Amino acid sequence: MVQNDQVHSISTADSLPVPNVQALSDSLNGSSQIPERYIRPESIADLRRCVCRDKVELPVVDLARLKDPAFSCEEAAKLESACKEWGFFQLVNHEVPENLIRQLKVDVMEFFNMPLEEKNAYQQHAGDLQGYGQAFVQSDEQKLDWADMLYLTTRPNSDRKMMFWPTSPSTFRDTVDRYSLELTRVAKCLFHHIAKNLGVEPEIFQEIFKDQPQGLRFNYYPPCAKADEVLGITPHSDVDGITLLLEVNDVQGLQIRKDGEWIMANNLSGALIVNIGDAIEVLSNGIYKSIEHRATINTEKERISIAAFHTPDQQIILEPLPEIVRDEKINFKSIIYQEFIKKFLNTELDGKSQLDMLRL
């Protein structure tokens with residue numbers, strides 16, 4: 001499935017510059033006079049419905065039990081059910097050190113609290129996803145997300161662009177490096193058990209996800225007086241294999257689309273939220289499905305989160321695995337993964353539209 005041995009960064013992305021949302025929120029000082037480009041008329045009704053509903057707790061998978069031969073079969077069945085029925089789950093006992101997570105949260109909050117001119121020292125360059133700014137802005141007319149971000153390619157190390165890695169706070173780089181390494185361990189274990197559940201030799205997944213490409217997106221969602229009329233991020237599915245999400249400041253806002261309805265996801269303290277990406281949906285021929293999700297906004301407090309994307313090798317041909325398809329109908333066209341992700345990064349977010357283009 002690998003086309004050649006070249007390594008390419010996934011950071012190429014053309015996105016138009018837009019105002020800094022954190023600065024905009026500060027300037028409004030609680031006012032409800034939100035610029036029109038952020039107002040989402042098509043989402044207001046279901047945003048308000050979600051506020052009235054109870055939060056839903058996602059399925060829970062225990063990584064320690066998954067690795068323990070005495071409990072592995074039982075926990076693998078929970079993983080299988082979560083991947084098939086939800087596409088999202090909470091991962092507990094992931095063994096990422098608590099002191100590392102605490103330091104990461106402190107560093108990330110300190111970065112976003114720095115003056116804008118200091119954060120802009122790490123501003124994105126034209127055509128590059130890495131750095132501080134926004135993404136997926138393709139026209140002067142499209143609706144905008146109520147969020148800022150810092151995106152860093154973290155794995156493989158050769159794709160890192162250190163000019164975008166903040167040096168303040170002084171511990172930021174080392175903390176992110178150690179956290180990145182911990183998550184590669186977690187992702188590798190999950191890929192191993194996902195492959196086994198699909199009836200695929202884990203070594204095949206090791207080849208697909210070789211060098212464990214990884215990128216971290218640090219999200220800052222400022223508060224907004226019209227929180228039920230804006231979105232932190234437009235509905236979409238992720239194009240990777242799996243995403244590991246860490247809530248930084250315990251302000252929740254993740255919503256997932258299940259059975260045609262938007263529901264607010266509640267998560268356990270200390271858990272990582274894991275979701276299946278488009279790449280796994282294609283590889284599994286649709287047995288596991290990526291799920292649309294979006295970020296909502298709080299009226300009084302900012303929400304900060306860190307999404308870690310774990311992608312296939314850029315040069316693989318993304319297609320349903322023959323070990324899974326066998327005599328069944330093939331549901332997706334083949335595409336070089338680098339082309340697939342490039343289209344995603346240079347298009348407005350729109351549900352699962354990128355994956356839909358591959359459907360047969």
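All values reported here derive from a predicted model rather than from experimental measurement. For the numbers below, each heavy atom of this structure counts, side chains included, while hydrogens, waters and symmetry mates do not.
Apart from Val325 itself, the hydrophobic cluster it occupies contains Ile330, Leu360, where clustering links Ile, Leu, Val, Met, Phe, Trp and Tyr at side-chain heavy-atom distances under 4.5 Å. As a member of the Ile/Leu/Val/Met/Phe/Trp/Tyr network built from side-chain separations under 4.5 Å, Val60 groups with Val92, Leu268.
Annotation for Thr184 and His310: closest pair N-NE2, 4.4 Å, computed over non-hydrogen atoms. Considering every non-hydrogen atom in both Trp146 and Tyr221, the closest pair reads O-CD2, 3.7 Å. Across all their heavy atoms, Glu247 and Ile273 have their closest contact at OE2-CD1, 4.4 Å. Contact record, Trp86 with Pro59: CD1-CG, 3.4 Å, taken as the closest heavy-atom pair. Of all the heavy atoms in Pro169 and Glu110, the pair that sits closest is CB-OE2, 3.4 Å. Nearest heavy-atom pair, Pro213 versus Pro312, reported as atom, atom and distance to 0.1 Å: CG-O, 3.8 Å.
Using a 3.5 Å distance cut-off with no hydrogens or angles, the side chains of Tyr122 and Thr167 do pair a donor with an acceptor. If you check the side chains of Gln214 and Ser180, you find a donor sitting under 3.5 Å from an acceptor.
The only member of Leu150, Val108, Val176 that meets side chain to side chain contact (heavy atoms under 4.5 Å, CB included) when paired with Pro166 is Leu150.
Counting non-hydrogen atoms of other residues, nucleotides and ligands closer than 6.0 Å to NZ of Lys105 gives a total above 12. At most 12 non-hydrogen atoms from other residues, nucleotides or ligands lie less than 6.0 angstrom from CD of Gln33. Other residues, nucleotides and ligands contribute more than 12 heavy atoms inside 6.0 Å of the CD atom of Glu118.
A donor-acceptor pair is defined here as one N or O able to donate and one able to accept, closer than 3.5 Å; such a pair exists between the side chain of Asn298 and the backbone of Glu300. Of the possible polar contacts, one joining the Gln142 side chain to the Gln138 backbone as a donor-acceptor pair under 3.5 Å is found. Distance alone, capped at 3.5 Å, is enough to place a donor-acceptor pair between the Thr296 side chain and the Gly253 backbone. Listed for the Asp145 side chain is a donor-acceptor partner under 3.5 Å among the backbone atoms of Thr234. When atom types are taken as modelled, the side chain of Gln255 and the backbone of Arg294 share no donor-acceptor pair closer than 3.5 angstrom. Checked by atom type and distance alone, the side chain of Arg326 pairs as donor or acceptor with a backbone atom of Glu323 at under 3.5 Å. Judged by distance alone, with hydrogens and angles left aside, the side-chain atoms of Gln22 form a donor-acceptor pair with the main-chain N or O of Phe112 at under 3.5 Å. In this structure, Gln123 contributes its side chain and Gly133 its backbone to no donor-acceptor pair below 3.5 Å. Arg303 places a side-chain N or O within donor-acceptor distance of the main-chain N or O of Val251, the cut-off being under 3.5 Å. Between the side chain of Lys333 and the backbone N or O of Met357 there is at least one donor-acceptor pair closer than 3.5 Å.
By the side chain to side chain donor-acceptor pair (under 3.5 Å) test, Thr175 is found to be paired with Asp107, residues two or more places apart in sequence or in another chain being considered. For the side-chain contact (heavy atoms from CB on, under 4.5 Å) test, residues two or more places apart in sequence or in another chain that qualify with Lys143 are Glu36, Arg40, Pro41. The ring pair (Phe, Tyr, Trp, His ring centres under 6.0 Å) search around Tyr132 returns Phe111, not counting sequence neighbours. Asp259 is linked by a side-chain contact (heavy atoms from CB on, under 4.5 Å) to nothing, counting only residues two or more places apart in sequence or in another chain. Not counting sequence neighbours, the partners of Ser305 by the side chain to side chain donor-acceptor pair (under 3.5 Å) test are Asn219.
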Note to self: Is there a side-chain contact (heavy atoms from CB on, under 4.5 Å) between Asp278 and Phe344? Walk through the geometry before answering.
What the structure shows: CA-CA 11 Å; Asp278 291 345; Phe344 174 75; 5.7 Å; no
Checklist line | Derivation of the side-chain contact (heavy atoms from CB on, under 4.5 Å) call for Val248 and Ile306 | finding: CA-CA 7 Å; Val248 171; Ile306 306 168; 3.7 Å; yes
Note to self: Using side-chain contact (heavy atoms from CB on, under 4.5 Å), reason through Glu98 and Arg102 one step at a time and then give a plain yes or no.
What the structure shows: CA-CA 6 Å; Glu98 290 183 11; Arg102 280 196 300 270; 3.8 Å; yes
Next item on the list: Walk me through it: do Arg173 and Met162 pass the test side-chain contact (heavy atoms from CB on, under 4.5 Å)?
Entry: CA-CA 9 Å; Arg173 289 186 172 186; Met162 300 308 295; 4.0 Å; yes
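Rounded to the nearest 0.5 Å, atoms OG1 (Thr153) and CZ (Phe309) are 11.0 Å apart. Note: Asn267 CG to Leu91 CG = 12.0 Å, rounded to the nearest 0.5 Å. Taken to the nearest 0.5 Å, the CD atom of Gln134 stands 8.0 Å off from the CG atom of Leu144. Remark: Phe205 CZ to Ile194 CD1 distance equals 7.0 Å, nearest 0.5 Å. Here Cys224 contributes atom SG and Glu229 contributes atom CD; the two are 8.0 Å apart, rounded to the nearest 0.5 Å. Distance check, rounded to the nearest 0.5 Å: CD1 of Ile39 to CG of Leu231 gives 10.0 Å.
Annotation: side chain of Val200 is not in contact with side chain of Leu283 (no heavy-atom distance under 4.5 Å). At a threshold of 4.5 Å between non-hydrogen side-chain atoms, the residues Phe136 and Glu348 do not count as touching.
Residue pairs meeting the salt bridge (Lys or Arg N to Asp or Glu O under 4.0 Å) criterion with at least one partner in residues 25-35, sequence neighbours excluded, are absent. For residues 189-201, there are no side-chain hydrogen bond (donor to acceptor under 3.5 Å, both in side chains) pairs, not counting sequence neighbours. Listed by first and then second residue, the ring pair (Phe, Tyr, Trp, His ring centres under 6.0 Å) pairs that reach into residues 263-296 are Phe88-His293, His236-His293, sequence neighbours excluded. Residue pairs satisfying the side-chain hydrogen bond (donor to acceptor under 3.5 Å, both in side chains) criterion with at least one member in residues 349-358, sequence neighbours excluded, are listed as follows: Glu281-Lys352, Ser290-Lys352, Asp356-Arg359.
Here Asp177 pairs with Arg160 in a salt bridge; the nearest charged N to carboxylate O distance falls below 4.0 Å. The pair Arg155-Asp159 does not meet the salt-bridge criterion, since no charged nitrogen lies less than 4.0 angstrom from a carboxylate oxygen. No salt bridge links Lys119 with Asp148; every basic N to acidic carboxylate O contact stays at or beyond 4.0 Å.
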What pairs of donor and acceptor atoms, side-chain ones from residues 65-73 against any protein atom, are under 3.5 angstrom apart with sequence neighbours left out?
from	atom 1	to	atom 2	distance (Å)
Arg65	NE	Glu75	OE1	2.9
Arg65	NH2	Glu74	OE1	3.2
Arg65	NH2	Glu74	OE2	3.1
Lys67	NZ	Glu95	OE1	3.0
Asp68	OD1	Ala70	N	2.9
Ser72	OG	Leu66	O	2.8

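Leu272 and Leu181 are not part of a single hydrophobic cluster, where members link through side-chain heavy atoms under 4.5 Å apart. Taken together through direct or relayed side-chain contacts under 4.5 Å among Ile, Leu, Val, Met, Phe, Trp and Tyr, Leu100 and Val106 form parts of separate hydrophobic clusters.
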